[in-house]
Amino acid sequence: MIFPTSQGVMRCPCCHKTISTTAAYCVHCKAEKRFGPLRRENILYSALGLILALVVSSLLIPLSFWNALFALGGLGVGFVFAQYRFSTDRWICSK
Ligand SMILES: [Zn+2]
């Protein structure tokens, strides 16, 4: 069966049932429309930035107070990167 797409309905990307285009979540499978990164993605990218900055800075300069500053900078960069990386609407399938 083919549903018209011009009448405010769309297919849920998760369960493929018909839902409203303005729906924030799927009434059938509880999939959630999401803008921006999830909490675990924020944490993951921030941690990656921190570790990467710590590793790179420890290769470039002898271990000191500055490595902590570089690590903090990396954490910030990782967090900002996550905001850009996931700055579109996505559907998160529950399961
Ligand atoms: Zn669904």
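Numbering of ligands and ligand atoms starts at 1, following listing order. All values below were derived from every heavy atom in this structure, side-chain atoms included, with hydrogens, water molecules and symmetry-related copies excluded. Note that this is a predicted model, so its numbers are computed, not measured.
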* For Phe86, check ring pair (Phe, Tyr, Trp, His ring centres under 6.0 Å) against everything at least two apart and list the hits. => Tyr45
* Distance SG-SG for Cys15, Cys26 less than 2.5 Å -> no
* CH2/Trp66: more than 12 non-hydrogen atoms of other groups inside 6.0 Å -> no
* Asked: Near the Zn ion (ligand 1), is there an N/O/S atom from Cys93 that is less than 2.8 Å away?
  -> no
* With a cut-off of 2.8 Å, does any N, O or S atom of His28 fall short of it relative to the Zn ion (ligand 1)? -> no
* Under 2.8 Å from the Zn ion (ligand 1), is there an N/O/S atom belonging to Cys26? -> yes
* Asked: Can Leu54 and Phe70 be said to form a side chain to side chain contact (heavy atoms under 4.5 Å, CB included), step by step?
  -> CA-CA 6 Å; Leu54 198 61; Phe70 276 115; over 6 Å; no
* Asked: Within the stated cut-off of 2.8 Å, is an N/O/S atom of His16 closer than that to the Zn ion (ligand 1)?
  -> no
